[in-house]
Amino acid sequence: MDETTLVSSVDLVAQAQKHINFLRNLHINGIALSKPSHESFRRYTDLWLPFVKKYSINSETPHELIPPPDIAWLWHCHRLAPYRYAKYVEKRFFSTNDDQVNGESSDNKKSIKILDASPPFTFQKKIKKFSSFSESTHDKICKLTIELYHEL
C-alpha cells in the first residue's frame, strides 16, 4: 500500500496558534463580545477596503497594513465566507461593464490579493501579549498604516 505524503508550504500549527492568539486578543479587548457598530461597518466598507486596495494592490510597492481592532474583526468575519467575500471584492473594486458582459474579470488575479490580510491575524493594539510577531515589527507596521491613512 502506497502512502501519499502531502507537503504544505505553510506551517499549519503555527498559523493555527496565531489565529487563536488573534481571537484571544479580540476577546481580551472586548471587540468580539459585542455587536459591531454601524460606524465600524461604515469604516470597514467605505474606508478600510478601499485603503487596502490602494496601498496593497494599486501601489508600486505594496505595504503591509494592520487594521484597527473593530475593522480586523469585521474583516476576519467577512473572510469566513471566502466565496461571498471574493465576489463582493471583485464586484466592488474590479469589475467593469466589459467584464460583466464576458462573465469574467480581467483583474481577477488582483482581486485575490485583497483577500489576504498581510500580516494575518493581527490588529492595532495596545497590549503586547499574544503578538503574531515581534513588538517592534508590529509597531512599525501600525505606524506606517496610520501614516498612509492620514495621506488619503
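Just the heavy atoms: all of them, side chains too, but no hydrogens, waters or symmetry mates, feed the values below. It should be emphasised that the depicted structure is a prediction, and the values quoted were computed from it without experimental measurement.
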- With sequence neighbours left out, the residues meeting side-chain hydrogen bond (donor to acceptor under 3.5 Å, both in side chains) with Ser37 are Ser40
- Message: Going by the rule ring-ring contact (aromatic ring centres under 6.0 Å, His included), which residues pair with Tyr88 if we only count those two or more places apart in sequence or in a different chain?
- Response: His78
- Query: Can you tell me if CZ on Arg92 sees more than 12 non-hydrogen neighbours from other groups inside 6.0 Å?
  - Reply: yes
- Within-4.5 Å side-chain heavy-atom neighbours: Asn29 and Pro69: no
- Message: Rounded to the nearest 0.5 Å, what separates atom CD1 in Ile20 from atom CG in Asn25?
- Response: 12.5 Å
- Task: Kindly compute the distance separating CG (Leu26) from CG (Asp70), expressed to the nearest 0.5 Å.
- Result: 10.0 Å
- Message: With rounding to the nearest 0.5 angstrom, report the CG to CG distance, Leu74 to Leu49.
- Response: 9.5 Å
- Message: Just by distance, no angles: are the side chains of Gln15 and Asp11 close enough, under 3.5 Å, to form a donor-acceptor pair?
- Response: no
- Shortest non-hydrogen contact from Pro67 toward Trp75: CG-CE3, 4.1 Å
- Task: Could you check whether the rings of His76 and Trp73 sit parallel, tilted or perpendicular, using 30° and 60° as the cut-offs?
- Result: parallel
- Query: Is there a chain of hydrophobic side chains (I, L, V, M, F, W, Y, each step under 4.5 Å between heavy atoms) that links Leu47 to Phe51?
  - Reply: yes
- What closest approach, in Å, do Trp48 and Ile66 show between heavy atoms, and which atom pair accounts for it? CH2-C, 3.7 Å
- Query: Salt bridge between Arg42 and Glu39, side-chain N to carboxylate O under 4.0 Å?
  - Reply: yes
